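As the structure is a computational prediction, the values presented were derived from the model and not from experiment. Scope of the values below: all heavy atoms of this structure, side chains included, with no hydrogens, waters or symmetry mates.
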Amino acid sequence: MSKHSTEADVAFIKALAELLNQNDLTELSVKRDYGIDDSLEVRVVKQATVVAAPVAMPAPVALPAPTTVAAAAPAAPVLSEDPAQHPGAVTSPMVGTAYLSAEPGASPFVTIGAIVTEGQTVLIIEAMKTMNHIPAPRAGTVKRILIADGNPVEYGAPLMIIE
Amino acid sequence: MLASVDSTSAQAARLAAAGLTSPAWVLAGEQTAGKGRRGRPWASPRGNFYASLVMQPAEPPEQVALRSFAAALALREALVGLTGLPQVFALKWPNDVLLNGGKLAGILLESTGANGRLGNLVIGIGVNLTTAPDPAEVEPGAVTPVSLLAETGLRITPEAFLDALAPAYARWEAVFTTYGFAPLRDEWLRHAARLGQTIRARTGTQTRTGIFETVDATGALVLTTPEGRVAIPAAEVFF
């Protein structure tokens, strides 16, 4: 039974998948503990499609390095798109609830197309009745907003693209 | 002490923006624009306590947020010290202090540090020392507001209250920075209201009902619901 949300898990797995692609890795496994009795274990593996080994052959203990490099390009990404890998991604520094405006009914901190300055608050993540103002990591234009107001977010989840 | 201010937390944030670097309390006799969670107005007539502590924490945001519990424990400790009535105060997740089951106080934290940037943390605390809002003014289903004066007959001034609260907070801050969240969690659970009972937690998009099991090591509220155990990092709790 999961104490954390499915969407949050999906966002986390997406972020892992991108890490895998960005760093030319073939496999990544992570275990996260949520409190004392709940955890999430994820293993993300990239299929090296070019080197499909005959099934009868014993699998090598480790992939030779050239294979990894060769496999990187044609290997299908696990997910078609992952904003977390975008250089302009603003990611969540914590688990919580995201808010796009200071209070219900107020105008949002930013909208798509808005010009922001470095350090400007672009959204709030709430946890434990702490309102965390998330600053723009750099000056730029808000290209995408990846979360909906009031939705839960996981650690590392992409929130916005600013470039 | 300021006679009147828009909001002690807004004033504290302005002080920090102006370059204040050491922890400081802002105390005001009244607020003209006191705010609760999600912009809800916090009625702030004279006689009640309105203060905010501003500091520059060094930890990552999820650690900074755990000061919610330090503030609640300090507030309870100050109240017990001033009234001598340890049994009447209880805690509602994450940081409400209840008196005889009613809402006596509210705490709201605002932080500006994230993604590697150091920022400020402002802990705003309001306590109904002499007057409580009319129950008709609060949201249906919310805990009924109460005042210290009406419930206990004790009249305590805001200045006297801060004299008790500031050292109590300093002690819990030292415990937190020295030993981490575990001792805060233990103490908080000792005073938790409705532990083991069914409560409701309203998050940004849904309401979950379940048995209040515990608070986990990250500070999240743990409920056993028909769909299983869930850990909720942000919610409004209803009894």
> For chain B, which residues from residues 115-126 of chain A have at least one heavy atom closer than 4.5 Å to it?
Replying inline: A:Glu118, A:Gly119, A:Glu126
> Between B:Asn128 and B:Val146, is there a donor-acceptor pair closer than 3.5 Å when you use the side chain of the first and the backbone of the second?
Replying inline: yes
>> Under 4.5 Å from any heavy atom of chain B, what part of A:Ala127 do you find: side chain, backbone, both or neither?
In response: both
>> Is B:Asn120 close to chain A through its backbone or its side chain, or both, or neither, when contacts mean heavy atoms under 4.5 Å?
In response: neither
> How about B:Thr203 and B:Ile232: do any of their side-chain heavy atoms sit closer than 4.5 Å?
Replying inline: yes
>> I'd like to know if B:Lys35 and B:Asp6 make a salt bridge, using a cut-off of under 4.0 Å between side-chain N and carboxylate O.
In response: no
>> Using modelled atom types and a 3.5 Å cut-off, is there a donor and acceptor pairing between side-chain atoms of B:Trp93 and backbone atoms of B:Ala193?
In response: no
>> Treating B:Glu213 as the side-chain partner and B:Gly196 as the backbone partner, does any N or O pair qualify as donor plus acceptor under 3.5 Å?
In response: no
>> For B:Leu66, which atoms come within 4.5 Å of any heavy atom of chain A: side chain, backbone, both, or neither?
In response: side chain
>> Looking at chain A, which one of B:Arg38, B:Arg67, B:Glu62 has the largest number of heavy-atom pairs inside 4.5 Å, strictly under?
In response: B:Arg38
>> Quick check for you: among B:Ser111, B:Pro60, B:Ser68, which has the greatest number of heavy-atom pairs under 4.5 Å with chain A?
In response: B:Ser111
> Is a donor on one side and an acceptor on the other found under 3.5 Å between the side chain of B:Thr225 and the backbone of B:Glu227?
Replying inline: yes
>> Given 3.5 Å as the limit, does a donor-acceptor pair link the side chain of A:Ser101 with the main chain of A:Pro108, or not?
In response: no
> Thinking salt bridges, do B:Arg37 and A:Glu103 make one under a 4.0 Å N-O criterion?
Replying inline: no
> Are B:Glu139 and B:Arg202 within salt-bridge range, i.e. N to O under 4.0 Å?
Replying inline: yes
>> Please classify the contact of B:Pro94 with chain A as side chain, backbone, both or neither, using a heavy-atom distance under 4.5 Å.
In response: side chain
